[in-house]
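Worksheet: one structure, shown below.
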Amino acid sequence: MESFDERCYELLKQVPKGKVTTYKAIAEALGTKAYRAVGGAMNRNPYAPKVPCHRVVNVDGSLGGFAFGQAEKVARLKAEGVEVEQGKIKAFKERLYDAFQ
DNA sequence: CGGTTGACCAAGT
DNA sequence: GACTTGGCCAACC
């Protein structure tokens with residue numbers, strides 16, 4: 001039985017490059033409402049390069065937090081082609097991915 | 001095992 | 001538009 005955290009990572013790995021998802025989407029995909037627990041899993045994320053934690057944002061398209069600082073999060077997103085402005089994802093709805101299997 | 005904390009969310013002020 | 005409040009639930013001490 002995988003822990004709650006590991007299931008978050010598995011879902012996150014399904015998010016294609018250039019797209020983003022939300023803490024809520026992940027929690028709901030796991031059948032729970034522990035939005036904050038999802039963020040906690042990312043914060044303690046032991047799979048730093050493997051799991052694309054930077055592709056997870058708030059439900060309104062704002063960046064949310066990041067263990068290495070928001071600036072780093074923006075840089076990584078931009079490196080994947082995701083444009084960010086004023087702490088929010090541009091064309092958020094178009095880049096949003098929540099079709100988890 | 002109880003209380004605190006948190007990379008959240010929604011609604012109210 | 002910014003700030004406060006209440007609620008949710010897993011991890012941590």
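The analysis underlying the following values was restricted to heavy atoms, covering all of them including side chains, and did not include hydrogens, waters or symmetry mates. These numbers were taken from a predicted model, which means no experiment stands behind them. Residue numbers start from 1 in every chain, and the chains themselves are labelled A, B, ... in the order their sequence lines are given, proteins ahead of strands.
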Give me, pair by pair, the N or O atoms of the protein and of nucleotides 11-13 of chain C that are less than 3.5 Å apart, along with how far apart they are.
unit_1: C/dA11; atom_1: O3'; unit_2: A/Arg44; atom_2: NE; d: 3.2
unit_1: C/dA11; atom_1: O3'; unit_2: A/Arg44; atom_2: NH1; d: 3.3
unit_1: C/dA11; atom_1: O3'; unit_2: A/Arg44; atom_2: NH2; d: 3.4
unit_1: C/dC12; atom_1: OP1; unit_2: A/Arg44; atom_2: NE; d: 3.3

Qualifying salt bridge (Lys or Arg N to Asp or Glu O under 4.0 Å) pairs with a residue from residues 41-54 of chain A, counting only residues at least two apart or across chains:
A/Asp5-A/Arg44
Mind jotting down which residue pairs meet the salt bridge (Lys or Arg N to Asp or Glu O under 4.0 Å) criterion with at least one end in residues 58-76 of chain A? Sequence neighbours excluded, please.
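Sorted pair list comes back empty.
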Can you list everything that forms a side-chain hydrogen bond (donor to acceptor under 3.5 Å, both in side chains) with [X]? Sequence neighbours excluded, please.
{"X": "A/Asn58", "answer": "A/Ser62"}
{"X": "A/Glu94", "answer": "none"}
{"X": "A/Glu10", "answer": "A/Lys13"}
{"X": "A/Lys33", "answer": "none"}

Write down the protein N/O and nucleotide N/O pairs, taken from nucleotides 9-13 of chain B, whose separation is under 3.5 Å; answer none if there are no such pairs.
unit_1: B/dC9; atom_1: OP1; unit_2: A/Val59; atom_2: N; d: 2.8
unit_1: B/dC9; atom_1: OP2; unit_2: A/Asn58; atom_2: OD1; d: 3.4
unit_1: B/dA10; atom_1: OP1; unit_2: A/Lys24; atom_2: NZ; d: 3.0

Could you tell me which residues satisfy ring pair (Phe, Tyr, Trp, His ring centres under 6.0 Å) with A/Tyr9, sequence neighbours excluded, listed by chain and number?
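For A/Tyr9, the residues satisfying ring pair (Phe, Tyr, Trp, His ring centres under 6.0 Å) (neighbours in sequence not counted) are A/Tyr47.
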Side chain to side chain contact (heavy atoms under 4.5 Å, CB included) involving A/Arg36 - partner list, sequence neighbours excluded
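Result, side chain to side chain contact (heavy atoms under 4.5 Å, CB included) vs A/Arg36: none returned.
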Under the ring-ring contact (aromatic ring centres under 6.0 Å, His included) rule, what pairs show up with a residue in residues 80-101 of chain A, not counting sequence neighbours?
A/Tyr97-A/Phe100
Using a cut-off of strictly less than 4.0 Å between a heavy atom of the residue and any atom of DNA chain B, enumerate the qualifying residues of residues 76-86 of chain A by number.
none
